[in-house]
Amino acid sequence: MTNLIVFDWDDVFTLGSQQGYFHCYQEAAASVGIDLDLEIVRSRVLPKWGHPVHDEVTDLLPDHPHLVDQAVAHYESIITTEAFTRHLTFIEGGRELLTSLAQKYTLAVASGSNPITLRQVIFPQFSVPNVFDQVVCSEDPPADMRGKPHPDMLLHIMKAQGASPEETLMVGDGHGDVHMAQAAGVTPVVVLTGVLNREEALQLGVNHIIGRVTDLPQLLREME
């Protein structure tokens with residue numbers, strides 16, 4: 001029986017996140033004098049999607065390692081601003097979904113998002129209901145807590161909430177969400193509003209695939 005549902009955030013609840021991130025990476029590269037079109041940004045960043053920002057910028061600027069730290073600093077200065085958030089919309093029915101699920105399940109977030117952006121900007125901007133028992137970002141303490149695809153965030157949440165892997169679902173849109181869930185022994189659920197398409201999710205061994213996060217209640221009924 002499912003008791004704990006852990007959500008990724010970007011392109012699960014706030015749609016347009018990829019576009020926002022890619023524009024911020026493009027601006028970060030431009031800040032150190034490297035002009036890249038968005039398709040090049042996308043092709044270089046996606047293989048490390050969900051990894052620490054420094055890793056993604058290292059791949060973004062493979063011929064300019066001496067500029068990585070400066071580009072990362074610029075990226076981090078704009079990711080909490082309209083440079084990112086202007087690209088976002090909140091999924092229709094998302095607030096009602098969260099309010100309804102919270103009546104039966106423990107809810108949490110495990111995200112690679114910048115914690116300041118998520119908690120202090122996005123949650124207020126979109127009037128996200130206060131239903132999460134825990135919100136964990138890969139940049140949160142402890143310092144040795146690794147981000148996706150490592151299982152650390154999910155293990156941390158399950159321990160804090162007293163939930164077993166068998167009682168937990170991980171709902172996300174990307175490879176890192178699936179690999180994190182599998183590494184933690186948790187059932188992954190993929191939504192098709194982000195990185196993965198259906199064929200890619202099936203290739204990763206995912207058995208539960210939904211079009212949008214608002215389709216989750218029907219899946220939960222089928223799993224009971």
Side-chain angles (χ1 to χ4, degrees), residues 6-30 34 36-62 64-65 68 71-72 74-76 78-80 83-85 87-89 91 109-118 122 135-140 145-154 157 170-184 186 188-206 208-213:
V6 182
F7 295 99
D8 178 38
W9 191 262
D10 293 321
D11 288 319
V12 175
F13 285 102
T14 47
L15 307 184
S17 297
Q18 282 190 63
Q19 182 182 6
Y21 284 121
F22 294 149
H23 274 88
C24 289
Y25 281 121
Q26 185 183 45
E27 288 190 31
I34 309 298
L36 302 172
D37 67 42
L38 283 176
E39 281 306 308
I40 291 177
V41 172
R42 178 185 176 87
S43 67
R44 292 182 180 178
V45 170
L46 267 185
K48 289 284 181 69
W49 194 249
H51 287 230
V53 171
H54 195 279
D55 293 351
E56 293 176 340
V57 176
T58 297
D59 282 7
L60 180 66
L61 304 174
H64 307 280
V68 167
V72 168
H74 184 80
Y75 174 90
E76 292 179 340
I78 63 174
I79 197 63
T80 60
F84 174 63
T85 60
H87 300 281
L88 306 181
T89 60
I91 194 163
V109 172
S111 175
S113 302
N114 178 285
I116 296 174
T117 307
L118 186 60
I122 293 175
V135 176
V136 177
C137 297
S138 56
E139 296 179 35
D140 288 330
M145 184 169 66
R146 300 166 296 177
K148 304 169 187 178
H150 301 288
D152 301 20
M153 287 194 292
L154 202 44
I157 291 171
M170 175 66 215
V171 182
D173 71 295
H175 300 79
D177 303 309
V178 174
H179 291 312
M180 177 175 67
Q182 292 170 336
V186 167
V189 176
V190 165
V191 298
L192 300 178
T193 49
V195 175
L196 292 170
N197 60 38
R198 183 175 297 274
E199 182 179 349
E200 291 168 336
L202 289 170
Q203 290 175 350
L204 290 173
V206 177
H208 304 293
I209 303 169
I210 55 180
R212 299 159 64 88
V213 71

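The chain is numbered in sequence order, starting from 1.
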Visitor: Give the C-alpha distance, both sets of side-chain angles, the deciding distance and a yes or no for side chain to side chain contact (heavy atoms under 4.5 Å, CB included) between V109 and L118.
Guide: CA-CA 10 Å; V109 172; L118 186 60; 4.3 Å; yes
Visitor: Does I79 offer a backbone N or O that forms a donor-acceptor pair with the side chain of T117 under 3.5 Å?
Guide: yes
Visitor: Can you tell me if E200 uses its side chain to pair, donor with acceptor, with the backbone of N197 under 3.5 Å?
Guide: yes
Visitor: Is a side-chain N or O of E27 found less than 3.5 angstrom from the main chain of A83, in a donor-acceptor match?
Guide: no
Visitor: Do P149 and H175 touch side chain to side chain, with heavy atoms closer than 4.5 Å?
Guide: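 Contact flag for P149/H175 side chains = no.
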Visitor: Got M153 and S138 here, is their nearest side-chain heavy-atom distance under 4.5 Å?
Guide: yes
Visitor: So, for V57 and A71, which heavy atoms are closest and what is the spacing to 0.1 Å?
Guide: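 In this case the closest contact between V57 and A71 is CG1-CB, 3.8 Å.
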Visitor: Could you measure the distance from the CG atom of D177 to the CG atom of D8? Nearest 0.5 Å is fine.
Guide: 4.0 Å
Visitor: Would you give the length of the straight line joining atom NE2 of H87 to atom OG1 of T89, rounded to the nearest 0.5 angstrom?
Guide: 12.0 Å
Visitor: State whether the side chain of D11 and the backbone N or O of S17 hold a donor-acceptor pair below 3.5 Å, judged by distance alone.
Guide: yes
Visitor: If every non-hydrogen atom of G174 is compared with every non-hydrogen atom of V195, which pair is closest and at what distance?
Guide: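 That would be CA-CB, 4.1 Å.
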Visitor: Any side-chain donor-acceptor pair under 3.5 Å between D10 and S113?
Guide: yes
Visitor: May I ask you to check whether over 12 heavy atoms, not counting those of E199, lie within 6.0 Å of atom CD?
Guide: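 Counting other residues, nucleotides and ligands, CD of E199 stays at 12 neighbours or fewer.
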Visitor: Output the distance between atom OG (S111) and atom CD (E139), rounded to the nearest 0.5 Å.
Guide: 9.5 Å
Visitor: Please work out which of the three classes, parallel, tilted or perpendicular, describes the rings of F22 and W49, given edges at 30° and 60°.
Guide: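 W49 vs F22 ring planes: tilted.
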Visitor: Going from CG on L36 to CG on L60, what distance comes out if it is rounded to the nearest 0.5 angstrom?
Guide: 5.5 Å
Visitor: For R146, give me all partners under salt bridge (charged side-chain N to carboxylate O under 4.0 Å, His left out), at least two apart in sequence or on another chain.
Guide: D152
Visitor: May I ask you to test the V136-M145 pair for a side-chain heavy-atom distance under 4.5 Å?
Guide: yes
Visitor: Rounded to the nearest 0.5 Å, what's the gap from CG on L38 to CD on Q18? Could you check?
Guide: 12.0 Å
Visitor: Under the side chain to side chain contact (heavy atoms under 4.5 Å, CB included) rule, what do I122 and F13 come out as? Steps first, then yes or no, please.
Guide: CA-CA 10 Å; I122 293 175; F13 285 102; over 6 Å; no
Visitor: Kindly give the heavy-atom pair with the smallest separation between P47 and R42, and that separation in Å.
Guide: CD-O, 4.4 Å
Visitor: Return yes if some donor-acceptor pair links the side-chain N/O of Q26 with the main-chain N/O of D37 below 3.5 Å, else return no.
Guide: no
Visitor: Look up atom CG in L15 and atom CG in D173, then write down how far apart they are to the nearest 0.5 Å.
Guide: 9.5 Å
Visitor: Which atom names give the shortest non-hydrogen contact between G172 and V12, and what distance separates them?
Guide: CA-CG2, 4.0 Å
Visitor: With heavy-atom distances below 4.5 Å as the criterion, would you say the side chains of I210 and V189 are in contact?
Guide: yes
Visitor: Looking at side-chain heavy atoms only, is the closest gap between K48 and T58 below 4.5 Å?
Guide: no
Visitor: Flag the pair V191 / R212 as yes when at least one side-chain heavy-atom distance between them is below 4.5 Å, and no otherwise.
Guide: no
Visitor: Taking all non-hydrogen atoms of both residues into account, name the closest pair between L204 and V178 and its distance.
Guide: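 Looking at all heavy atoms of both residues, the closest pair is CB-CG1, 4.0 Å.
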Visitor: If I compare all heavy atoms of A184 with all of L154, which pair ends up nearest, and what's the gap?
Guide: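 Result for this residue pair: CB-CD2, 3.9 Å.
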Visitor: Do Y75 and Y21 make a side-chain contact, defined as non-hydrogen atoms from C-beta onward lying under 4.5 Å apart?
Guide: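 When only atoms from C-beta onward are counted, Y21 and Y75 do touch, with a gap below 4.5 Å.
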